[in-house]
Amino acid sequence: METIAAESAPGRIRVLSEKVANQIAAGEVVERPASILKELIENSVDAGARHVSVAVRNGGKSHIDVIDDGAGMGRDDALLCIERHATSKIREHGDLNSISTLGFRGEALPSIASVCRMTLATSPAGAMAGTELVIEGGKLLDVRDCAPVMGTRVTAGSLFFNVPARRKFLKGESVEEGHCQEAVIRQALGRIDVGFSYARDGKELFRVAAGERTEDGLAARIIGLFGEKAMRALIPVGRQVEGMRVSGFISRPGGERAARDHQYIYVNRRNMRDKIIYHAVNEAYRSILPRGTYPALFLYIDLPPELVDVNVSPTKAEARFTDNGALIGLVKSGLLMALQAAGAEGGAPIPSGISFAPSEGPPRPAPPMILRETMAPFAPEITPGVMGASITGSPQMGEVPAISPELAQARPLELGLGIPDDARVVGQVFRTFIMLEGGDRLYLVDQHTAHERVNYEALYSRYAEGRVESQELLFPIMVELTPARAELLRAIMVDLGRLGYALEEFGPREFNIRAIPRIMAGAEHKAVILEALERAEGIGQAAGFEKMAEPVINIMACRGAVKAGAKLDPREMESLLRRLAECKLPYTCPHGRPVALSISRDDLYRGFLRK
Ligand code: ADP
Ligand code: MG
């Protein structure tokens, strides 16, 4: 070692005072009022509370109250709990491998206490008196007896009164309050067996009773927090593989939301926003989400504690899993099974046994429509047999109902799931939609979208199994490219081979398509290659073909699909619907456009002001 004047330099390193250390730790844990709530509620739940009652004022900035009926603390523990690294939850390092409580770092209370004015009142069950601590900016001002609390009450006021820089970063009252409410909801969904109530500025906004940790219990809680309507848009998930389990509720196809709210994921009862799990969710919903929509997720993943490390971030929002692959597989398959089952409720989404109306000979001209001159409510007669549609059992015409305001704004068209088995094709509309009549509904299937879905699934499963068969072309198709695109094509040529395309360089910028995927014989192959290159440019080649495969399959599915405007004969319509019936997720095209819409007979009758 060089001889630097080490000894003579004044010591510059100091051990931080307890108070400063706490404030620094608070920087990690206490970001805003909602983060205080999270920590306090976790403590209440860990203490075995049956009910946790939360109240905030001024968005939690001036006042937060968390009251529980848990185990409470005696005086010694109460004094200890505001010390750094004081925890009753783990004792030794080994315990970190099997944490079943929400807290364990022993940092929350001292951190919170260091940045606000806190009162903590607590007493264990049966105690004659309780202990009340008054702490200001981390300094213990008073310890006194108080009436028994039979649990614990923590009041955190004047947040960041002593850290003006942080106080400045707090948002407006309504934003902070929104976060507070969200924090309570997150905890409340994590522990169905604990009751919760939440009040804002003296007004109770929700109260949910302790329930059972079952599907019904969760459903009741979701209804209690979000209402019946939100619940109706959900379907149950339940899958177990080798000691790992995923359960809960997710959006039914077509029930997705326009915002990324209502997404709650719990791993071993701990709320997480984990990338791995979101990845698995995206995989499952990959091809059915309309653009700009997001599935609601109430997902509970239970793993043996030794397979997950939650001690990764101070807020514990992410975890490390021993086996990412198995976890992704579990979540993805659990969701896919639920989505498929949803389609099967009440008959396959599209039936396999569609029957066609017996050949009707040359189409009869539609009877002339007689329009009345007045705009008064009228009841047109529906002629049975028009286009083969027989509306049977039409009720007697009675009173003409007035159009109610809610009917006027109702959207009678619904994503047409559950087309019944005995549905029959009535015809093709606008050379774009296949029309079916089944049960009490009229269904319209978009021929292009449906075909895209069929192609997509056929291609994707073959690609995934590495068996997209090729078919040599008798006359190769020539493609001429810009030098940059030619370069790009050279780079992804082998990968396109895995999708069934054999390409051959023909000149510096010319290529021949020599073979095409057999199942896509009728596709516009040149367009597929050109569009694939366009996408490759957009995505960036560095992303690798794994990223590219999906968009290219989308392009192939689209370019191989019958177009809107193409006339289909009954046999073609039948075969398309049969193949659609075999799809795993027949609700949308790969970009999320709906495959089918339906309108109920009731809505039609109502529209025509029939009873
Ligand atoms: P941690 O939760 O990580 O242990 P905290 O600082 O949040 O750390 O809490 C410290 C300790 O104080 C806990 O381990 C627990 O023993 C006790 N404690 C905190 N809040 C409560 C409560 N509401 N009821 C009973 N005990 C509590
Ligand atoms: Mg804690």
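Using a 4.0 Å cut-off between a side-chain N of Lys or Arg and a carboxylate O of Asp or Glu, Arg269 and Asp193 qualify as a salt bridge. Between Asp440 and Arg601, at least one side-chain N (NZ, or NE/NH1/NH2) sits under 4.0 Å from a carboxylate O, which counts as a salt bridge. Ion pair Glu283/Lys332 flagged as a salt bridge, since at least one NZ, NE, NH1 or NH2 atom sits closer than 4.0 Å to an Asp/Glu carboxylate oxygen. A salt bridge links Arg153 with Glu132: at least one charged nitrogen is closer than 4.0 Å to a carboxylate oxygen.
When the shell of 6.0 Å around CD of Glu215 is examined, it contains more than 12 heavy atoms from other residues, nucleotides or ligands. Residue Arg32 qualifies as enclosed at atom CZ: its count of foreign heavy atoms under 6.0 Å is above 12. Within 6.0 Å of atom CZ in Arg273, 12 or fewer heavy atoms from other residues, nucleotides or ligands are found, so the atom counts as exposed in its surroundings.
Atoms CZ and CG, from Arg221 and Asp216 in turn, are 14.0 Å apart once rounded to the nearest 0.5 Å. Note: Asn324 CG to Lys275 NZ = 11.0 Å, rounded to the nearest 0.5 Å. Atom OH of Tyr278 sits about 8.0 Å away from atom CZ of Arg260, to the nearest 0.5 Å. In this structure, SG in Cys116 is found 15.5 Å from NZ in Lys61, a value given to the nearest 0.5 Å. Between atom CG of residue Leu218 and atom CE of residue Met231 there is a gap of 7.0 Å, rounded to the nearest 0.5 Å. Separating the CG atom in Leu109 from the CD atom in Glu39 is a distance of 8.5 Å, to the nearest 0.5 Å.
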Is there a side chain to side chain contact (heavy atoms under 4.5 Å, CB included) between Val267 and Phe321? Walk through the geometry before answering. CA-CA 10 Å; Val267 177; Phe321 302 104; 3.9 Å; yes
Give the C-alpha distance, both sets of side-chain angles, the deciding distance and a yes or no for side-chain hydrogen bond (donor to acceptor under 3.5 Å, both in side chains) between Thr155 and Asp65. CA-CA 5 Å; Thr155 305; Asp65 234 347; 2.7 Å; yes
List the steps, then state whether side-chain hydrogen bond (donor to acceptor under 3.5 Å, both in side chains) holds for Ser598 with Arg441. CA-CA 6 Å; Ser598 73; Arg441 301 188 80 82; 2.8 Å; yes
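The shortest non-hydrogen separation linking Pro295 to Val281 is CG-CG1, 4.4 Å. Closest approach of Tyr300 to Leu189, counting heavy atoms only: OH-O, 2.5 Å. Heavy-atom minimum distance, Leu170 versus Glu31: CD2-O, 4.0 Å. Heavy atoms only, all atoms of each residue included: Lys584 and Glu457 are closest at N-OE1, 2.5 Å. Scanning all heavy atoms of the two residues, the minimum distance from Pro305 to Asn268 falls at CA-ND2, 4.0 Å. Heavy atoms only, all atoms of each residue included: Ala121 and Val149 are closest at C-CG2, 3.8 Å.
Between Ile599 and Tyr443, every side-chain heavy-atom pair lies at or beyond the 4.5 Å cut-off. You'll find the side chain of Pro33 reaches within 4.5 Å of the side chain of Leu159, heavy atoms only. Here the side chains of Leu339 and Pro253 are in contact, with some heavy-atom distance below 4.5 Å. Counting only heavy atoms from C-beta outward, the side chains of His51 and Ser197 approach each other to under 4.5 Å. Taking 4.5 Å as the limit, every side-chain heavy atom of Leu133 sits out of range of all side-chain heavy atoms of Asp142. Using a 4.5 Å heavy-atom cutoff, the side chains of Ile112 and Leu40 are in contact. At a threshold of 4.5 Å between non-hydrogen side-chain atoms, the residues Leu79 and Leu140 count as touching. You'll find the side chain of Met118 reaches within 4.5 Å of the side chain of Val154, heavy atoms only.
Side-chain atoms of Arg117 and Ser158 form a donor-acceptor pair, as typed in the model, at a separation below 3.5 Å. Checked by atom type, the side-chain pair Arg239/Ser333 shows a donor-acceptor distance below 3.5 Å.
For the side chain to side chain donor-acceptor pair (under 3.5 Å) test with Asn271, the passing option among Glu42, Arg186, Lys38 is Arg186; the others fail.
Annotation: Phe226 is in aromatic contact with His262 [ring centroid separation under 6.0 Å].
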